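A quick write-up on the structure given underneath.
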Amino acid sequence: MAIKIYNTLTRSKEELKPGAPPLVTFYVCGPTVYDYIHIGNARIFITFDVVRRYLDYRGYKVKLIQNYTDIDDKMINRANEEGVAVRELADRYIKAYEEDVGALRVRAADVKPKATDHIPQIIKLVERLLENGYAYEINGDVYFDTGNYPRYGQLTRQKRDELLSGARVEPGEKKKNPLDFVLWKQKKEGEPAWESPWGEGRPGWHIECSAMSTYYIDDTLDIHAGGADLIFPHHENEIAQTWGADQRPLARYWMHAGYLNIEEQKMSKSLGNVLTVRSLLQEHDPFDLRFLILSAHYRSPLNFSDELVHQSRSGRLRLQEMVNNLLSALDSAGDAASEQERVLRKDLEDAKARFVEAMDDDFNTADALGVIFDLARSCNIYIKEAYPYNKDLLEEVLRFYRDINDIFELVDISEPESLDDEIAEKIARREQARVEKDFATADQIRDQLLERGIILEDTPHGTRWKKK
RNA sequence: GGCGACAUAGCCAAGUGGUAAGGCAGAGGACUGCAAAUCCUCCAUCCCCGGUUCGAAUCCGGGUGUCGCCUCCA
């Protein structure tokens, strides 16, 4: 069995065949750090974080690179509006990005290059493009010459003249062809700039990813990923640049995640419906947001609303409860054997296989969640009916949930904390009261503990507690 | 105008030829002193019309609808 990935380049699912297995080189287009990230950004980062973790789970050694775009028009405009240096703006939002994404349990990339730290590499790349005849300079600006690159449009699946019909030239641009794009931009007054063979200037938007991935990998990437809106022009241009400079494909597999809409509407500043991760985390559990994002296939459009977050939460808590049940059952587990044990063991093996099958098929997280819920039911039945429990089996189930959680990270699977003596004593007192059928006292104690954030649940095998 | 995606129950969502996963919500039941948790049962023939096939949600043709890209955008 092999992992299949939908490759935007070929518009079909292909078997993953990395260039140098078990290594998988993986480049994800990172944020432009001019503002807080929104939930749509978060979808991208969570999606590819899960892809990365799954590849890891399947035995690949993933090297993940994710850049920070810390110089471009948006950066400059925002810095000017706020009257701060571009560098200062970048530092602030890189920090914010790492906090936000960290709260969402997205693991940091192995390499996190910033565009402005790689100006020499960018300049060299532009020089190679000029030497190879794929670029031209006009008064300090350097453009990529799409007229010299017949394959332009291959990722977008459009011919040059088709793309041309919608293209337009910004005032002040001096390019030969409307599809040509800027590699190096001459300095304007008040903008950050670096020395170059074409005078002071700064890099264009697309060039950084080509330059940095080449610098850190120096070979065709296995996977290059980003949001669907990056297909054109960003990724199209990256492909053209890397080919022009080094005559090699930038990446073998191109993955693009779908849009996230807010209440069926595209998120946009003008509609005023941009939801930052930062604000959402004020009212929502990050696990719930992850659940929502993983509940649909990553290439499908995904809607976002409070209602859907609540639905996600209800479903997710079912899994959390199951894990809690499992952990507490483990406390009293021994080496009992039973018919139910055989059933659960089989369901576990099935679940393992089905999980891999779902995820191998272009990371079908929605399907995989179904597998997880099926096993949860089976495990709950076991816990309900198979007392006394078999410890080995429960531990094996728990191990599987830990493995899955290492990929999806939807629940908290920490060992139960020990109870402080006072609370333990109260629980014991309540038990005694229940035996004596003094339910008024029992309920009173339960209410007291509830106020302190401890929820009690009576089971046939004793009382369980959990934190609110 | 060009290119492309999607259309599955009240909601979310898998399934790409063999007779509709899973979750949320809802109804009924079991268990419980009560509660919580859990379990059981019920709840869709897959936008419409044609076609191919022994057989289609799944393939083909034609509609209708929604959305995206072609311009900064994750």
Side-chain angles (χ1 to χ4, degrees), chain A residues 8 11 28-32 37-45 47-48 72-74 77 153 156-159 161-170 178-179 205 225-234 236 256-261 264-269 274 291-292 294-297 299-303 305 307-319 321-322 324-325 328 354 358 361 364-385 433-434 437-440 442-443 446-447 450 455-460 463-466:
Chain A
T8 307
R11 308 286 152 119
V28 175
C29 281
T32 301
I37 58 164
H38 58 245
I39 186 67
N41 296 309
R43 178 187 195 185
I44 304 299
F45 300 127
T47 293
F48 295 118
D72 81 335
D73 290 347
K74 290 197 296 287
N77 292 340
T156 316
R157 285 280 167 111
Q158 294 231 63
K159 298 201 172 67
D161 53 341
E162 289 167 351
L163 286 167
L164 211 49
S165 67
R168 88 182 166 213
V169 182
E170 291 295 323
L179 287 174
W205 173 37
D229 55 316
L230 293 181
I231 295 172
F232 189 89
H234 186 54
E236 190 71 56
H256 294 96
Y259 264 96
L260 181 146
N261 298 311
E264 311 288 352
Q265 285 188 305
K266 183 169 172 173
M267 208 184 324
S268 77
K269 295 238 161 72
V274 175
F291 188 100
L292 174 57
L294 297 180
S295 67
H297 187 88
R299 282 188 281 114
S300 306
L302 177 68
N303 199 27
S305 67
E307 163 65 19
L308 290 170
V309 179
H310 288 127
Q311 276 191 24
S312 299
R313 177 169 183 78
S314 301
R316 189 188 72 74
L317 287 179
R318 184 175 157 76
L319 294 178
E321 278 300 337
M322 180 257 134
N324 295 153
N325 292 343
S328 91
R354 287 170 58 210
D361 185 14
N364 193 335
T365 53
D367 202 7
L369 278 176
V371 175
I372 295 170
F373 275 104
D374 280 342
L375 182 62
R377 164 171 290 118
S378 182
C379 187
N380 279 329
I381 290 172
Y382 178 83
I383 289 172
K384 184 161 92 71
E385 297 179 352
R434 288 183 70 222
K437 303 232 183 291
D438 177 6
F439 297 120
D443 290 350
R446 184 166 65 190
D447 291 344
L450 185 61
I455 296 172
L456 296 187
E457 297 178 354
D458 300 322
T459 80
T463 297
R464 286 172 37 193
W465 65 278
K466 65 183 180 186

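Treat the numbers as computed from the prediction; the structure is a model and nothing was measured. Reminder, nothing fancy here: chain letters follow the sequence lines and each chain counts from 1.
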Practice task
Let me know, please, whether A:Phe45 or A:Gly370 comes out on the 5' side of the other along RNA chain B by nearest nucleotide.
Solution key: A:Gly370

Problem - Separation of atom CG in A:Leu230 from atom P in B:rC73, rounded to whole Å - result: 7 Å

Practice task
Could you tell me whether the side-chain ring of A:Phe373 sits stacked on the base of B:rG22, using a centroid cut-off under 5.5 Å and a plane angle under 30°?
Solution key: no

Problem - Whole-angstrom distance between B:rC73 and B:rA36, as gauged at atom C1' - result: 47 Å

Practice task
Send over the distance from A:Gln158 CD to B:rU71 P, rounded to a whole Å.
Solution key: 9 Å

Handout entry: Integer angstrom distance from the C1' of B:rU53 to that of B:rC59
Key = 10 Å

Exercise for the section: Take atom CD of A:Glu457 and atom C1' of B:rC34, then tell me their distance rounded to the nearest Å. Expected result: 14 Å

Practice task
Would you indicate what A:Lys159 reaches in the nucleic acid, counting non-hydrogen atoms under 4.0 angstrom: base, sugar-phosphate, or nothing?
Solution key: nothing

Problem - Check: A:Asn325/A:Arg464 side-chain N/O donor and acceptor closer than 3.5 Å - result: yes

Exercise for the section: Return the minimal non-hydrogen interatomic distance between A:Leu294 and A:Thr365, and the atom names on each side. Expected result: O-OG1, 2.8 Å

Exercise for the section: Could you check whether A:Leu456 gets within reach of a base, just the sugar-phosphate, or nothing at all, counting any heavy atom under 4.0 Å? Expected result: base

Exercise for the section: Return the set of residues passing salt bridge (Lys or Arg N to Asp or Glu O under 4.0 Å) with A:Asp229 (not counting sequence neighbours), or none when no residue passes. Expected result: none

Handout entry: Partner nucleotide, any strand, of B:rC54 [Watson-Crick/G-U, under 3.5 Å]
Key = B:rG18

Completion exercise
Contacts of A:Phe48 meeting ring pair (Phe, Tyr, Trp, His ring centres under 6.0 Å) (sequence neighbours excluded), chain-then-number -> none

Exercise for the section: For residues A:Leu260 and A:Met267, report the shortest heavy-atom separation together with the two atoms involved. Expected result: CD2-CE, 3.9 Å

Completion exercise
A:Ile44 has its side chain closest, among B:rA74, B:rA21, B:rG33, to B:rA74

Exercise for the section: Look at all strands and tell whether A:Ile383 reaches a base, only sugar-phosphate, or nothing, counting heavy atoms closer than 4.0 Å. Expected result: nothing

Problem - Distance in angstrom units between A:Asn261 CG and B:rA74 C1', rounded - result: 12 Å

Problem - Side chain proximity check, A:Pro31 to A:Phe45, heavy atoms < 4.5 angstrom - result: yes

Exercise for the section: Verify, without hydrogens or angle tests, whether A:Asn303 (side chain) and A:Glu264 (backbone) share a donor-acceptor contact under 3.5 angstrom. Expected result: yes

Completion exercise
Across all chains, not counting sequence neighbours, the salt bridge (Lys or Arg N to Asp or Glu O under 4.0 Å) partners of A:Lys74 are A:Asp72

Exercise for the section: Could you check how far CD of A:Glu236 sits from C1' of B:rU71, rounded to whole Å? Expected result: 15 Å

Problem - Complementary nucleotide for B:rC31 - Watson-Crick or wobble, under 3.5 Å - result: none

Exercise for the section: Name the nucleic acid region contacted by A:His38, choosing base, sugar-phosphate or nothing; use a 4.0 angstrom heavy-atom cut-off, strictly under. Expected result: base

Problem - Nearest to side-chain heavy atoms of A:Phe232, which nucleotide of B:rA74, B:rA13, B:rC69 - result: B:rC69

Practice task
Return the minimal non-hydrogen interatomic distance between A:Thr47 and A:Ala257, and the atom names on each side.
Solution key: CG2-CB, 4.5 Å

Problem - Spacing of the P atoms in B:rA9 and B:rC47 (rounded, Å) - result: 8 Å

Fill in the blank from the handout: Taking B:rA74, B:rC12, B:rA25 as options, the one with an atom nearest any side-chain atom of A:Asn41 is B:rA74

Handout entry: Any-strand Watson-Crick or G-U partner of B:rA37, both distances under 3.5 Å
Key = none

Handout entry: Euclidean distance for C1', B:rA37 against B:rA44 (whole angstrom)
Key = 29 Å

Practice task
Quick one: label A:Asp374 by what it contacts on the DNA or RNA (base, sugar-phosphate, nothing), any heavy atom closer than 4.0 Å.
Solution key: sugar-phosphate

Practice task
Sort out the partner of B:rG26 for me: Watson-Crick or G-U wobble, both distances under 3.5 Å, none otherwise.
Solution key: B:rC42

Problem - A:Asp367 CG to B:rG15 C1', straight-line distance once rounded to whole Å - result: 7 Å

Handout entry: Watson-Crick or G-U wobble partner of B:rC47, both distances under 3.5 Å
Key = B:rG63

Per-pair distances, 0.1 Å, donor-acceptor, side chain in residues 366-377 of chain A, under 3.5 Å, sequence neighbours excluded:
unit_1, atom_1, unit_2, atom_2, d
A:Asp374, OD2, A:Arg354, NH1, 3.4
A:Asp374, OD2, A:Arg354, NH2, 3.0

Exercise for the section: Output all residues satisfying side chain to side chain donor-acceptor pair (under 3.5 Å) with A:Arg299, sequence neighbours left out; order by chain, then residue number. Expected result: A:Asp362

Exercise for the section: Would you classify A:Asn364 as touching base, sugar-phosphate or nothing, given that sugar-phosphate means primed atoms plus P, OP1 and OP2, and contacts are heavy atoms under 4.0 Å? Expected result: sugar-phosphate

Exercise for the section: Tell me which of A:Arg446 and A:Arg316 sits closer to the 5' end of RNA chain B, going by the nucleotide each one is nearest to. Expected result: A:Arg316

Practice task
Under the side chain to side chain donor-acceptor pair (under 3.5 Å) rule, collect the residues that match up with A:Thr8, sequence neighbours excluded.
Solution key: A:His256

Collect all protein-nucleotide pairs involving nucleotides 6-10 of chain B in which both atoms are nitrogen or oxygen and the distance is under 3.5 Å.
none

Handout entry: Nearest-angstrom distance, P atom, B:rA57 to B:rC48
Key = 11 Å

Fill in the blank from the handout: Re B:rG1: Watson-Crick or G-U wobble partner, both distances kept under 3.5 Å, found to be B:rC70

Exercise for the section: Tell me, please, which residues at least two apart from A:Tyr382 pass ring pair (Phe, Tyr, Trp, His ring centres under 6.0 Å). Expected result: A:Tyr389

Handout entry: Side-chain donor/acceptor contact of A:Asp458 with base of B:rC34 under 3.5 Å
Key = yes

Practice task
Please measure how far the P atom in B:rC67 lies from the corresponding atom in B:rA13, and state the result in whole Å.
Solution key: 16 Å

Problem - OP1 or OP2 of B:rA14 under 4.0 Å from side-chain N/O of A:Ser300 - result: yes

Practice task
Check the distance between B:rG2's P and A:Leu179's CG and give it to me in whole angstrom.
Solution key: 18 Å

Fill in the blank from the handout: As its Watson-Crick or G-U partner within any shown strand, both distances under 3.5 Å, B:rA9 has none

Practice task
Determine the interatomic distance between C1' on B:rG15 and the same-named atom on B:rC72; round to the nearest Å.
Solution key: 38 Å

Exercise for the section: With heavy atoms under 4.0 Å as the rule, sort A:Ala366 into base, sugar-phosphate or nothing. Expected result: base

Using a cut-off of under 3.5 Å, enumerate the N/O to N/O pairs linking the protein to nucleotides 38-42 of chain B.
unit_1, atom_1, unit_2, atom_2, d
B:rU38, O3', A:Asn380, ND2, 3.2
B:rC39, OP1, A:Asn380, ND2, 3.4
B:rC39, OP2, A:Arg318, NH1, 3.3
B:rC40, OP2, A:Arg377, NE, 3.1

Problem - Whole-Å C1' distance, B:rC31 and B:rG18 - result: 40 Å

Problem - Under 4.0 angstrom between A:Tyr259 side-chain N/O and B:rA5 OP1 or OP2 - result: no

Problem - Separation of atom NZ in A:Lys437 from atom P in B:rG33, rounded to whole Å - result: 7 Å

